[in-house]
2 protein chains.
Amino acid sequence: MSPNPVIPDTAVTRLATYLRVLSERQVEGRLHVSSAFIGAAAGVSPDQVRKDLSHFGEFGRPGVGYDLEQLRYHLARILRLDRVRPAVLVGAGSLGSALARYTGFPQRGFRIAAVFDIDPQRVGTKLGELTVEHVDCLSRRVAELGASIGIIAVPRWACQSVVEQLAAAGLQAILNFAPGKVDVPEGVNVRSVDLARELECLAYYLPG
Amino acid sequence: MSPNPVIPDTAVTRLATYLRVLSERQVEGRLHVSSAFIGAAAGVSPDQVRKDLSHFGEFGRPGVGYDLEQLRYHLARILRLDRVRPAVLVGAGSLGSALARYTGFPQRGFRIAAVFDIDPQRVGTKLGELTVEHVDCLSRRVAELGASIGIIAVPRWACQSVVEQLAAAGLQAILNFAPGKVDVPEGVNVRSVDLARELECLAYYLPG
DNA sequence: GTTTGTGAATGAGTTCACAGCA
DNA sequence: TGCTGTGAACTCATTCACAAAC
């Protein structure tokens, strides 16, 4: 497969949004969608939609729009979502437990295949369908499961170590919920979500 | 208080990061910090740090740097974090429960003061210190608690309605975890975090 | 008439570079 | 010498505008 072109990260985020739009009830039964339609549903301009798609080829027909199923297929392929990608979760605290149970992931094609923790008290406990495993098993289990994505829901002090363990296990994509800067191993892509910081940013726009 | 200037949203995010850096163990005991130090800890260039701060005044001294305590005070004031801001949470499902228990919020000065749900089965149950209340009480409770921020952890279908209820209750800042586009009432700031989309974006950078 | 794809123009944000102060 | 604050230069993303296709 040809490597994906370098495009703005904001554009990647929008592509994921377009894919979601194409999977909504609203479009069921439709054969074609226009860039204007997608844009309206995604909250961006039609120009932006066309520009984003144009990085990857010509998917539409002038005067008609985009073939719904075909565009969905192409977006899934572009985002590497044409196969189920098992993910492993490290950290079975309150946030980790919620992520393991979160119904939003399966709906969007992600399966949390295993959960790990370092606390012996948590190892062996059930989390929905899954049993919490010790983090020492990480490397072996990643290989067994063919996991390609890691999710980190541990306290800040443990984060750097977990990133390195996930990288050593061969994972190249990590979603991190621990705040703070992480040194990212070569060839690994880490995306961080700092929940408290989101609240802090909101506060900026408050009056008084 | 003078209204905050219009600056890039990315800059607001960075300011929040600087504030976190200044609150870390690493800086304890220090009297001054340089833009280079802050930048290294936050993962941005020293220039960027100075530019971001320059929107709000001159806080540093050439040849010396920034007075640690003073800069922390100013950043907290800029981000409107100089007082505790009670938040209300709507949705007591798996994600909502985790957010209610999440220790990362109190550490950063946010207190979840009440939790609401529409499901009678959930109303009355305990979530840590809090008891889940019916969403009909939202408006009254927001006023009682003096809450200024709302957090939405409900399914997508309920999201728009909850946004409107929170807006009607007088809240002007909302952190939304439901995917999908929301129509934002005038004067309200909604910030959305789509957890599944984060995974989708990561997948783009995977090989093969 | 409608809608795509894309080069050109615009605009926003970051980096540079340096004057000025400690 | 070390570090800040800031206008100028630059880079990069978005918007515009239009030719070509349906």
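Chain A is the first sequence line, chain B the second, and so forth, proteins listed ahead of strands; every chain is numbered from 1. Just so you know, these numbers use all the heavy atoms, side chains as well, and skip hydrogens, waters and symmetry mates.
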Strand-adjacent residues in residues 16-50 of chain B, judged by heavy atoms under 4.0 Å from DNA chain D: B:S34, B:S35, B:R50
Stacked cation flag B:R72 on B:Y66, 6.0 angstrom / 45 deg: no
Side chain proximity check, A:I78 to A:L19, heavy atoms < 4.5 angstrom: no
Quick one: are A:V90 and A:I151 in side-chain contact, heavy atoms under 4.5 Å? no
Closer to the 5' end of DNA chain D via nearest nucleotide, is it A:D9 or A:R61? A:D9
Provide the closest heavy-atom pair for B:V132 versus B:R122 in the form atom of the first, atom of the second, distance. CB-O, 3.4 Å
Between B:S161 and B:Q165, do the side chains contain a donor N or O and an acceptor N or O under 3.5 Å apart? yes
For a 4.5 angstrom cut-off between non-hydrogen side-chain atoms, does A:V44 reach A:R14? yes
Any chance the side chains of A:T13 and B:R197 put a donor and an acceptor closer than 3.5 Å? no
Per nearest nucleotide of DNA chain D, the residue lying toward the 5' end, A:K51 or B:G63, is B:G63
Taking the side chain as every heavy atom from C-beta outward, state whether B:P179 and A:R108 have any pair of such atoms under 4.5 Å apart. yes
Check every nucleotide of DNA chain C for an atom under 4.0 Å from a heavy-atom of chain B, then give the first and the last such nucleotide from 5' to 3'. C:dG13 to C:dA22
Chain A footprint on DNA chain D, 5' to 3' - any atom under 4.0 Å from a heavy atom: D:dA13 to D:dC22
If the test is side chain to side chain donor-acceptor pair (under 3.5 Å), which one of B:D9, B:N189, B:N4 qualifies with A:Y205? B:D9
Using every non-hydrogen atom in the two residues, find where A:V163 and A:I174 come nearest and quote the distance to one decimal. O-CD1, 4.1 Å
